[in-house]
**Student:** 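What follows is a structure written as structure tokens; I'll ask about it next.
Per chain, numbering begins at 1; letters A, B, ... match sequence-line order.
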Amino acid sequence: MQTTKNQTLKIHNSLSGKKEIFKPINEGHIGMYVCGPTVYSNVHLGNCRTFMSFDMIFRYFKLLGYKVRYVRNITDAGHLVDDADDGEDKIAKKARLEQLEPMEVVQRYTVDFHNILEKFNFLPPSIEPTATGHIIEQIEIIKDILEKGFAYEVNGSVYFDVNIFNKSHEYGKLSGRKLEDMISNTRELAAQSEKRSPQDFALWKKAEPEHIMRWPSPWGDGFPGWHLECTAMSTKYLGETFDIHGGGMDLKFPHHECEIAQAEACNGHSPVNYWLHANMLTLNGKKMAKSTGNSILPNEIFTGENPFLSKAFSPSVVRFFMMQAHYTSILDISNDALLASEKGYNKLMEAIDNLEKIPTKNTSSFDFKAWQQQCYDAMNDDFNSPILIAKLFEAVKQINLIREEKESITEEDKSILTETLHSFVFDVLGLENRNNTNDGSKKLEGVVELLIELRKEARENKDFATSDKIRNQLAEMGIELKDGKDGTTFNI
RNA sequence: GGCAUUGUGGCCGAGUGGCUAGGCAGAGCUCUGCAAAAGCUUGUACAGCGGUUCGAAUCCGCUCGAUGCCUCCA
């Protein structure tokens, strides 16, 4: 990929609100941190979209030849149910409700998370650290922030003092908020708050005696605040300043704003060069969230067991559906949209299957080198996967025309086409070909091919009763025969 | 109320100050014993009102609507 490697890649940076030319801190290397899930319930499809967007970005960086250290954490402690003083840890609450040891909750939903991601053909991140595995690092950061005067201790809890911080730094620069506005717009909190200001956020929370998740600290037994874990883990594995921080749009405020504040309080400079935010997946025009019940679980899509769905859809179809929208756009999921994506996806895979068979000539009637460049251009423009897919369908059209000998392709162009198509479809978009065969289905294929052969003979003898019987009975079993120009193909 | 994002044809969804997005559906055609599938061709659009401009759906302003955040959320 010598011709493509040195091109400029533009990324929409949420911090500036603009597309910027991407320049890694260390040439050829990228450090990327993405906020992972809080493992207190099954991962829903909206979560998956965010992680899939960053999976695609990770994959594209790899195609460009970058060495990427991709850190995606697991939040297994510290995520408060609310910000009031009786804020309870999400994991601990779930454990109490289900009468489980907190780590049983964590284990159960971490396993679920990994299972789903594997079905969606995610690449594993380079490091997947957990909050509970980094309590010591978090305590060290709190000590540092306290020493520098940006936090205060009250009754075994430690809070970040946003007002003091804002005197020397700019709190709210990521989300476009001004502290003064926030103060005047804050809703009334419980009167007995121990925080000096409602905008302050917890770095360490004291654990009441009934709390099960607790760790010793200089301020007594307690647990870390949610925002702190990401600062601790990103700093540990990627350094005080790293290239890319990603997450869902909904984390912009307060989570990412607080991360910036914590890191700047410690190190005096901004922790991240490029902030990327993936937009929401909506269902019925509303945000998908476990807390409101407006959600579809991935497994419900794979089985079709959801009132919104008329049938089951494969993980690759769902992936293709999501990749047809830009990661910064809101995407609304519906049965119709999935059906349309399924057809498009099948068409794309069909063309890739036919690619090997297309004949080559002395000349090409289409500029495949320019087309290849356009694929890279699409991705170089803030990872524009919808444009990339439009380009892929241009190739599909060419493949079909070449098959009908209305267009031609040289041997050299054919290998460019094959390589590019495989790189983008499988390596970058992460799609899988639907005809993934195992031993059992190989045998089945053999049987179907035999029946197709028998049916062909029957048709040649004008014995249409027999040929239709074979076709109809196979159809009943869900095997679809398609009579094409050069023989019959089938779908199971 | 504040901040942010956004409003594109029947549906999903890109993009751009003047030149085709793409997919699905629809229509026409080809192939075919029939059917299905597949392939080719193809119409319809940029929320409303003002402004800037030779020219705007694309820039600016206002209005209306949608979504997110402002207490947890990818």
**Student:** Could you check A:Phe122 against A:Phe113 for ring pair (Phe, Tyr, Trp, His ring centres under 6.0 Å), going step by step and ending with a plain yes or no?
**Tutor:** CA-CA 11 Å; A:Phe122 274 66; A:Phe113 176 64; 7.8 Å; no
**Student:** Using only atom types and a distance under 3.5 Å, with no angle test, would you say the side chain of A:Asn472 pairs donor to acceptor with the backbone of A:Asp468?
**Tutor:** yes
**Student:** List for me each residue that meets salt bridge (charged side-chain N to carboxylate O under 4.0 Å, His left out) alongside A:Asp382, sequence neighbours excluded, and say none if there are none.
**Tutor:** none
**Student:** Answer yes or no: does atom CD of A:Glu118 have more than 12 heavy-atom neighbours from other residues, nucleotides or ligands under 6.0 Å?
**Tutor:** no
**Student:** With sequence neighbours excluded, tell me which residues meet salt bridge (charged side-chain N to carboxylate O under 4.0 Å, His left out) with A:Lys19.
**Tutor:** A:Asp381
**Student:** Where along nucleotides 9-24 of chain B does protein come under 4.0 Å, by heavy atom, of base (B) or sugar-phosphate alone (S), with - for untouched nucleotides?
**Tutor:** ----SSS-----BSSS
**Student:** Name the nucleic acid region contacted by A:Leu401, choosing base, sugar-phosphate or nothing; use a 4.0 angstrom heavy-atom cut-off, strictly under.
**Tutor:** sugar-phosphate
**Student:** Rounding to the closest angstrom, what is the interatomic distance between B:rU53 and B:rC60 at atom P?
**Tutor:** 16 Å
**Student:** Using heavy-atom distances to pick each residue's nearest nucleotide on RNA chain B, tell me which of A:Lys252 and A:Thr50 is more 5'.
**Tutor:** A:Lys252
**Student:** Return yes if the base of B:rA36 and the side-chain atoms of A:Arg471 contain a donor-acceptor N/O pair under 3.5 Å, otherwise no.
**Tutor:** no
**Student:** What residues, two or more places apart in sequence or in another chain, satisfy side chain to side chain donor-acceptor pair (under 3.5 Å) together with A:Lys173?
**Tutor:** A:Glu264
**Student:** Contact class for A:Gly172 (heavy atom, under 4.0 Å): base, sugar-phosphate, or nothing?
**Tutor:** nothing
**Student:** Atom CD of A:Glu407 to atom P of B:rG39: distance rounded to whole Å?
**Tutor:** 16 Å
**Student:** Taking only Watson-Crick and G-U wobble pairs with both distances under 3.5 Å, what dot-bracket line describes RNA chain B, where [ ] shows pairs that cross earlier ones and | shows pairs with another strand?
**Tutor:** (((((((..(((.....[...))).(((((.......)))))....(((((..]....))))))))))))....
**Student:** Output all residues satisfying side chain to side chain contact (heavy atoms under 4.5 Å, CB included) with A:Glu460, sequence neighbours left out; order by chain, then residue number.
**Tutor:** A:Lys456
